[in-house]
Amino acid sequence: MLIKRARFTEPLPSEITPRSLFESRREFMQQLAVGSIAASAMLDSALAQNTAPRSKLAARANPAYFAKDKPTAFADATSYNNFYEFGTDKGDPMLYAGSMKTQPWTVRIDGEVKKPMTLDIDSLLKVAPLEERLYRLRCVEGWSMAIPWVGYSLAELIRKVEPTGNAKFVEFTSLADPKQMPGVGSRVLDWPYVEGLRIDEANHPLALLCVGMYGQTLLNQNGAPVRVVLPWKYGFKSAKSIVRIRFTETQPHTAWNKSAPSEYGFYSNVNPEVDHPRWSQAAERRIGEDGFFAKKRKTLMFNGYPEVAALYTGMDLKKFF
Ligand SMILES: Nc1nc2c(c(=O)[nH]1)N[C@H]1C(S)=C(S)[C@@H](COP(=O)(O)O)O[C@H]1N2
Ligand SMILES: [Mo]
């Protein structure tokens, strides 16, 4: 994703094999620009944070949304992350997101709705029964994972706040607190992280309001306590650690689109036929399964979720990328 620091435009082999972080402690320490005692303590706490049991969430697996893919290992899904509020390296979120306070937490839902409300996490958990769904997530950088998320269709929450007839779009805003998030001091993006959807996209049953993964509450690096997951779109559309959901009449100004409009469009549907200027979108590497030299697997239109195609009937998806 990174635009302003050219040396990260190609993923390093060390980023492709996050397990090496665990397996090669020495190599990992060398990546940390701090003294070895501090690095050792930091790594210990990061690994504890990475594997510490979170609260269990009772969720029913939804067979209609359970991909046949082999689930990505928990250790990979929680150590190879993009969460720029904590830094731009794949290991940064695991190392630094522990400082984010996720309790208490509220989400403000407002804008073009009849019933604006502020919900805490307990109230959010009660909006609809929790489901477990195995979704593929495909990053524009050319890697993918398959993760058992826990949550419910975003449509359930949308129904509760009763959008007005003017609500054409939904905007998601992530927390941006420089005291808790070291990356928010950088100028990589214009903070806060903002993403958006057209309202019919947000109402598609695949769009998930997500509160957990692997049967437990989310780890901070994956966007605790609440995020969205939009499996037919590139990963960056799935905003993490959301504090506000706003319904608007006009198209939201999203953070990635503002930073590089020619690289990141508003729609950002996974599309093997439309390449990003710096990365091919035709193929991908599954984290934890496909080695650096393995043949890449083909990326599918809409990431293999053809049921969303009807949302885009008549649209030129090269123009609206
Ligand atoms: N707030 C926020 N949300 C974010 C990001 C981010 O940097 N900040 N990165 C996005 C990108 S590029 C991807 S690929 C996914 C990664 O989600 P995961 O780390 O849980 O797999 O989160 C997305 N959501
Ligand atoms: Mo991404």
Side-chain angles (χ1 to χ4, degrees), residues 1-5 7-8 11-12 14-54 73-105 137 139 141 143 145 147 173-195 210 212-214 216-227 235-236 238-243 255-256 259 287:
M1 300 296 291
L2 200 73
I3 349 253
K4 293 185 179 153
R5 281 161 68 196
R7 79 184 172 96
F8 289 108
L12 302 167
S14 63
E15 293 178 316
I16 302 294
T17 54
R19 297 304 283 270
S20 69
L21 296 191
F22 304 96
E23 282 146 21
S24 172
R25 196 183 172 92
R26 197 175 61 100
E27 188 194 319
F28 187 41
M29 306 279 242
Q30 284 166 352
Q31 293 175 10
L32 293 170
V34 290
S36 63
I37 292 171
S40 174
M42 218 155 121
L43 180 58
D44 286 345
S45 72
L47 291 178
Q49 154 87 7
N50 196 40
T51 51
R54 312 288 290 181
F74 178 81
D76 289 330
T78 56
S79 67
Y80 189 88
N81 305 104
N82 275 336
F83 198 166
Y84 276 22
E85 287 85 337
F86 296 101
T88 54
D89 281 354
K90 294 289 178 281
D92 285 343
M94 173 187 75
L95 281 173
Y96 307 120
S99 58
M100 178 170 63
K101 200 167 167 265
T102 59
Q103 239 180 353
W105 189 283
L137 182 135
C139 179
E141 294 165 333
W143 51 268
M145 298 195 192
I147 296 180
T173 305
S174 298
L175 179 72
D177 180 358
K179 287 197 213 92
Q180 304 185 63
M181 302 170 132
V184 169
S186 85
R187 280 190 280 165
V188 155
L189 284 176
D190 204 359
W191 310 104
Y193 193 100
V194 170
E195 262 308 335
C210 172
M213 63 198 294
Y214 300 88
Q216 301 184 353
T217 49
L218 289 166
L219 284 167
N220 287 359
Q221 57 264 45
N222 295 100
V226 57
R227 65 177 294 172
F236 65 91
S238 298
K240 296 178 170 181
S241 304
I242 293 170
V243 291
W256 281 109
S259 78
I287 297 297

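A donor atom on one side chain and an acceptor atom on the other are found under 3.5 Å apart for Asn82 and Lys90. For Asp92 and Gln221, the side-chain atoms include no donor-acceptor pair closer than 3.5 Å.
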**OP:** Report the C-alpha distance between Thr88 and Phe83 in whole Å, list the side-chain angles of each, state the deciding distance to 0.1 Å, and finish with yes or no for side-chain contact (heavy atoms from CB on, under 4.5 Å).
**Re:** CA-CA 7 Å; Thr88 54; Phe83 198 166; over 6 Å; no
Subject >> From CA spacing to verdict: side-chain contact (heavy atoms from CB on, under 4.5 Å), Leu175, Gln180 >> reply: CA-CA 10 Å; Leu175 179 72; Gln180 304 185 63; 4.2 Å; yes
**OP:** Decide side-chain contact (heavy atoms from CB on, under 4.5 Å) for Asn222 and Thr78; before the verdict, give the C-alpha distance in whole Å, the side-chain angles of both, and the deciding distance to 0.1 Å.
**Re:** CA-CA 7 Å; Asn222 295 100; Thr78 56; 3.5 Å; yes
**OP:** Might you work through the side-chain contact (heavy atoms from CB on, under 4.5 Å) test for Ser99 and Phe86, ending with a clear yes or no?
**Re:** CA-CA 10 Å; Ser99 58; Phe86 296 101; 4.3 Å; yes
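Note that CH2 of Trp256 and CG of Asp190 are 12.0 Å apart. Values are rounded to the nearest 0.5 Å. Between the OG atom in Ser241 and the CG atom in Asp177 there is a gap of 11.5 Å [rounded to 0.5 Å].
Between Arg54 and Gln216, the shortest heavy-atom distance links the atoms N-OE1, 3.0 Å. Taking both residues in full, the closest heavy atoms of Gly212 and Cys210 are given as O-SG, 3.4 Å, listed atom of the first, atom of the second, then distance. Taking each heavy atom of Gly223 and Leu218 in turn, the nearest pair found is O-CD1, 3.7 Å. Minimum heavy-atom separation, Tyr96 to Pro182: CB-CG, 4.1 Å.
With hydrogens and angles ignored, the 3.5 Å screen pairs no side-chain donor or acceptor of Trp191 with any backbone N or O of Ala255.
Scored by the side-chain contact (heavy atoms from CB on, under 4.5 Å) test, Thr102 finds Met100, Trp105, Asn220, Ala224, Pro225 as partners (sequence neighbours excluded).
Salt-bridge formation is not detected for the pair Lys240/Glu195: no Lys NZ or Arg NE/NH1/NH2 atom is positioned less than 4.0 Å from an Asp or Glu carboxylate oxygen.
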